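Letters A, B, ... mirror the listed sequences (proteins, then strands); counts begin at 1. Not measured: the values here are computed from a predicted model. Quick note: numbers below take in every heavy atom, side chains included, and nothing from hydrogens, waters or symmetry partners.
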There are 2 protein chains.
Amino acid sequence: MEIRIEDKLLIDARTLKTVREFAPSREVSERICDFMSALGDGTRLKILSALAISDMCVNDLSIGLGLNQTTVSHQLKNLRSVGLVKYRRQGKINFYSLRDKRVVTLLNLVTDLA
Amino acid sequence: MEIRIEDKLLIDARTLKTVREFAPSREVSERICDFMSALGDGTRLKILSALAISDMCVNDLSIGLGLNQTTVSHQLKNLRSVGLVKYRRQGKINFYSLRDKRVVTLLNLVTDLA
DNA sequence: CCATTATATTCGTGCACTTTTATATTCGTG
DNA sequence: CACGAATATAAAAGTGCACGAATATAATGG
C-alpha cells in the first residue's frame with residue numbers, strides 16, 4: 001500500500017483542503033500583490049498621502065514633496081496601472097486624484113497594524 | 001523682493017502646509033512600507049493565507065503550498081521581522097501563526113479594493 | 001512659428017530582493 | 001552517542017525595480 005505525501009503532514013487532510021481552497025487564485029493573488037507593492041514604496045506613499053489631502057498636478061507634487069519630476073511621473077504611472085489614482089487633463093496640466101477614497105481607510109488601518 | 005518656490009505652485013500655501021503635515025514621518029512611513037511590501041509578494045501571501053486558516057509548521061507550509069523548505073523559511077523570517085507572524089517551538093517543530101488576526105480583515109479589504 | 005511650460009517616455013545603472021544550493025544547528029530516538 | 005528529522009543560515013545566482021539624465025510630446029502665449 002502506498003503512502004501519500006499528505007500523510008506526512010501534521011495538519012489533517014481536512015484542514016489542508018481548507019487551506020488550499022482559501023488560497024486566492026492566481027489572478028486575484030497577482031492583483032493583490034501589485035496593489036500592495038504599490039503601497040510598499042516610500043515615494044508612492046508620499047504621493048498617495050498628498051493626494052489624500054487634495055487633488056494635485058505633477059509639478060505641485062514634485063515641488064511640494066521634494067521629488068524629481070520624472071520620478072513623480074514614473075510613480076504616478078505605476079499608481080495608475082494598479083488603479084490607485086486617476087487624473088483629468090486641463091490644458092497642459094494633469095490633475096491627479098485618488099480613484100477610491102477607501103484607500104485612506106486602508107492606510108489608516110495599516111498605520112495601526114504596522 | 002524675492003519669489004519663494006511655493007509661489008510657483010497651483011495649490012495654495014495652506015493646502016501645501018496640510019499636505020506636509022499629513023505626510024507620515026520617516027519612521028512611520030518606513031514601517032508602513034515594510035509592512036505593505038511584506039504583503040506584496042506571492043509567496044508571503046500564500047503563507048499568510050494559509051496561516052489565516054490554521055497554525056502550521058514549516059514543513060506543512062512547504063509541502064501544503066508546494067514551496068521549497070528554504071524559501072518558506074526565508075519568507076517566514078521576513079514576515080517575522082515586520083511582525084506579521086510569530087511562532088512557538090515544540091520540540092524540533094516550529095508552529096507559526098498570525099500575530100494579529102486583523103491581517104485577515106486587511107486582506108479582505110484589499111481584495112475588495114484591488 | 002518659436003519659446004516656454006507641463007508632463008511623459010526611453011534608456012541605462014545600481015541596488016535590493018527572491019530563490020536555490022549547500023551546509024549548519026537543534027532536537028528527539030534507538 | 002550516532003543518526004535522522006525539522007528548521008535555519010550562508011553564499012551564490014538570477015531578477016526586478018526605482019531613480020535620474022536626456023529626450024520627446026503637447027499645449028499655451030507671444
Identify each atom pair where a protein N or O and an N or O of nucleotides 12-17 of chain C are less than 3.5 Å apart, giving names and distance.
none

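In this structure the side chain of A/Val72 never reaches within 4.5 angstrom of the side chain of A/Tyr96, judged on heavy atoms. Contact annotation: the side chain of B/Phe95 approaches that of A/Leu10 to within less than 4.5 Å [non-hydrogen atoms, C-beta and beyond]. You'll find the side chain of B/Arg99 stays beyond 4.5 Å of the side chain of B/Val85, heavy atoms only. Side chains of B/Leu84 and B/Leu39 form a contact here, defined as non-hydrogen atoms less than 4.5 Å apart.
Remark: A/Thr43 is in phosphate contact with D/dC19, judged by side-chain N or O atoms under 4.0 Å from OP1 or OP2. Dashed line: the shortest gap from a side-chain N or O of B/Asn59 to OP1 or OP2 of D/dA5 is not under 4.0 Å. Using a 4.0 Å cut-off, some side-chain N or O of B/Asn68 falls inside it from OP1 or OP2 of C/dT20. One finds a side-chain N or O of A/Thr71 lying less than 4.0 angstrom from the OP1 or OP2 phosphate oxygen of D/dG20.
Atom CZ of A/Phe95 is separated from atom P of C/dA8 by 12 Å (rounded to the nearest Å). Distance, A/Leu67 CG to D/dA21 P: 14 Å, rounded to whole Å. We find that CG of A/Leu79 is positioned 16 Å from P of C/dT7, with the value rounded to whole Å. Spacing between atom CG of B/Leu76 and atom P of D/dT9 amounts to 11 Å, rounded to whole angstrom units. Across the protein-nucleic acid pair, B/Ile93 atom CD1 and D/dG4 atom C1' stand 13 Å apart, rounded to whole Å. Remark: P of D/dC17 and CE of B/Met36 are 17 Å apart, rounded to the nearest angstrom. Rounding to whole angstrom units, NZ of residue B/Lys8 and C1' of C/dA6 are separated by 13 Å.
Distance check: A/Ile93 CD1 to A/Arg88 CZ gives 10.0 Å after rounding to the nearest 0.5 Å. Annotation: the span from A/Leu76 atom CG to A/Thr71 atom OG1 amounts to 10.5 Å, rounded to 0.5 Å.
Between the B/Ser37 side chain and the A/Gly40 main chain, a donor and an acceptor come within less than 3.5 Å of each other.
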Dot-bracket encoding of pairs in DNA chain C, which uses [ ] for pseudoknotted crossings and | for another strand, Watson-Crick or G-U under 3.5 angstrom: ||||||||||||||||||||||||||||||

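Residue A/Tyr87 is classed as having no contact, given no heavy-atom separation below 4.0 Å to the nucleic acid.
Remark: the B/Tyr87 side chain and the B/Arg80 side chain contain no N/O donor-acceptor pair separated by less than 3.5 Å.
Taking a 6.0 Å sphere around CZ of B/Arg26, one finds it holds 12 or fewer heavy atoms contributed by other residues, nucleotides or ligands.
Of the listed nucleotides (C/dT20, D/dA21, C/dA8), C/dA8 has the atom at the smallest distance from the side chain of A/Val58.
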Nucleic acid footprint by protein, nucleotides 22-30 of chain D - heavy-atom cut-off 4.0 Å, B for base, S for sugar-phosphate alone: B----SS--

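Applying the 3.5 Å distance criterion, the base of C/dT10 shares a donor-acceptor pair with the side chain of A/His74.
Under the side chain to side chain contact (heavy atoms under 4.5 Å, CB included) criterion, A/Gln69 pairs with A/Val58, A/Ser62, A/Ser73, sequence neighbours left out.
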Side-chain atoms of residues 46-56 of chain A: list all donor-acceptor pairs with protein atoms under 3.5 Å, sequence neighbours left out, distances to 0.1 Å.
from, atom 1, to, atom 2, distance (Å)
A/Ser49, OG, A/Leu45, O, 2.8

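Residue pairs satisfying the side-chain hydrogen bond (donor to acceptor under 3.5 Å, both in side chains) criterion with at least one member in residues 101-110 of chain A, sequence neighbours excluded, are listed as follows: A/Asp100-A/Arg102.
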